[in-house]
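A, B, ... follow the sequence lines: proteins, then strands. Residue 1 opens every chain. Note that the structure is a prediction, hence the values are computed from the model and not measured.
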Number of protein chains: 2
Amino acid sequence: MSIQSAFNLAPLPSACSRCAIRSQSLCGALTDVALSALNGISRHRHFAPGQIVVTEGEPAIFANVVSGILVEKKGLADGREQIVAMLFPADFIGDAQRDSSDTTVQAVTAVTMCAFDRQGFEHLLVHHPVLAHCVLDHAMARLENAREWMLLLGQKSAEERVATFLLRLALRQADAGCRHVAPDMLEPGLELEIPISRAQMAAYLGLTIETVSRRMTALRDAGLVAFRDARSIRLVNLEALRKAAGDQDRN
Amino acid sequence: MSIQSAFNLAPLPSACSRCAIRSQSLCGALTDVALSALNGISRHRHFAPGQIVVTEGEPAIFANVVSGILVEKKGLADGREQIVAMLFPADFIGDAQRDSSDTTVQAVTAVTMCAFDRQGFEHLLVHHPVLAHCVLDHAMARLENAREWMLLLGQKSAEERVATFLLRLALRQADAGCRHVAPDMLEPGLELEIPISRAQMAAYLGLTIETVSRRMTALRDAGLVAFRDARSIRLVNLEALRKAAGDQDRN
DNA sequence: CGTTGGCTTGAGTCAGATCAATAGACGTGG
DNA sequence: CCACGTCTATTGATCTGACTCAAGCCAACG
């Protein structure tokens, strides 16, 4: 957070200056010289919906999501899967300092990302402390998210899970990149696009498809949300939704 | 991991040179000059069993665990709690770059830790890249643990959870600090001390005390483990225990 | 020796899983 | 255009693993 003030508005390397997420993510914290260096080792890559970007246990990549949605998941031998994170534009992919990924990364929508050369990135990490700081900050944020989800998976009921998911998604969507949005600065009546399928919601929330579907209709019948269709909903009663999510505050 | 090779065996600052966990944790990666600087801003603190070290939402501290066991937990408004991590000697406490802790840290046994001045630590972080690298590495390890636990909480049955817990604990115990032990290098017949109560196991595994107890006796009756008493068990059939844990490999 | 706290065990209940059927959206090809 | 298969989501009926409630055990301790 303190670094953001060091941000410099002078001319930028061509590729980055036109980038949609330039002011966010890692890039936002970098000085021109660092950004220039980063640009030198990056290239855009595209993925189709459903395509696997990284497989659990195989070498990680380093990349920024430019557009599209992805999920990170972990699997058990018998096929059960748990989604451990959703990735949005400006999110960073890749486990710095680890030689194999602990998750499978899969594109949900069509995805564009800005991929970095591994060696080059680790080299930059050493020589640009501000980048290292930024990567650490991102890692801490991911950790915090993971732990919040542990609380959800270990303690919350099905309905609380679904409600929490919708609120988090709304927050992330309202956010739209400019990080650190006020916790409860959500306006009632907000239209929400759910970018993942019911099956993926189930894998994310530790439930079955059927239970997700049932709890969604329950929230609708209780007047907390309204449906346009299965994938796009409107938050009607925000206060009640927060209460249904279980944490009372901070959502 | 590559940094470890930069480790220097020359004379050390007095306090650190006598420290039980000197060669591990953050300290192990540091050069003498950095370690000396770290030593300058650290002092030992003691906590009694059950004592709260940090409260969720309040300012974090920075410290290394020297001896004893602690848990990190997150709570819901109505009192439900989820333990998100167990802390062992050599573990690092504190969310670098965040101004409030996202977890409550509580001593389980009597605890000694080596606490660092916050300002001083962040200052060191900037001026000693090797320390920053080390903190990032630690954060990534914590993230990986959190995600493995998400898989457990979201997908595994009660028995799988308990079996996984015992195996992880055994690994950590055999480990005893010298990190990166071979995954399945556990010898059958290993005596295991469970440092936490059934209630804490329940809060860690997302179960109730009763279910933990029942699954423990089930594992005993099935001959996978043997009890000395509730808190100290022996791993009898390691292969079956791994299978019961559900991941098949990597444990 | 009574009390207290941690653990186990039993009996009954319920939230969520499983199994199964249906409906709508979407293409594809005749 | 319609018939068909596929895929996703919803809904219903039933089942079950874990929770709840309750009792009992044992060791520690005043």
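You'll find the side chain of A:Pro195 reaches within 4.5 Å of the side chain of A:Leu169, heavy atoms only. Looking only at side-chain heavy atoms (C-beta outward), B:Thr112 and B:Phe47 stay at 4.5 Å or farther from each other.
Side-chain atoms of A:Glu144 do not come within 3.5 Å of backbone N or O of A:Ala141 as any donor-acceptor pair.
Evaluated for a salt bridge (Lys or Arg N to Asp or Glu O under 4.0 Å) with B:Glu159, the options B:Lys243, B:Arg215, B:Arg220 yield exactly one hit, B:Arg215.
A:Arg80 meets the side chain to side chain contact (heavy atoms under 4.5 Å, CB included) test with A:Leu76, A:Asp78, B:Gln155, B:Glu160; sequence neighbours excluded. The side-chain hydrogen bond (donor to acceptor under 3.5 Å, both in side chains) test applied to A:Thr104 returns no partner, not counting sequence neighbours. Residues satisfying the side-chain hydrogen bond (donor to acceptor under 3.5 Å, both in side chains) criterion with A:Glu81, sequence neighbours excluded, are A:Lys73.
Ionic pairing of B:Asp247 and B:Lys156 is present here: one or more N-O contacts between side-chain nitrogen and carboxylate oxygen are shorter than 4.0 angstrom. A salt bridge is absent between A:Lys74 and B:Glu148: the closest approach of a Lys/Arg side-chain nitrogen to an acidic carboxylate oxygen does not fall below 4.0 angstrom. Between B:Arg214 and B:Asp221 there is no salt bridge, since no side-chain N of the basic residue sits under 4.0 Å from a carboxylate O of the acidic one.
In this entry the distance linking NZ of B:Lys156 with C1' of D:dA18 reads 18 Å, nearest Å. Summarising the geometry, the separation between CD on A:Glu160 and C1' on C:dG16 is reported as 14 Å, rounded to the nearest angstrom.
Near DNA chain C, meaning a heavy atom under 4.0 Å from it, residues 227-235 of chain B has B:Phe227, B:Ala230, B:Arg231 in order of number. For DNA chain C, the residues of residues 194-219 of chain A within the heavy-atom distance limit of 4.0 Å (strictly under) are A:Gly206, A:Leu207, A:Thr208, A:Glu210, A:Thr211, A:Arg214, sorted by number.
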Would you mind building the protein contact string for nucleotides 23-30 of chain D? One character per nucleotide, 5' to 3', B for base within reach (heavy atoms under 4.0 Å), S for sugar-phosphate only, - for untouched. --------

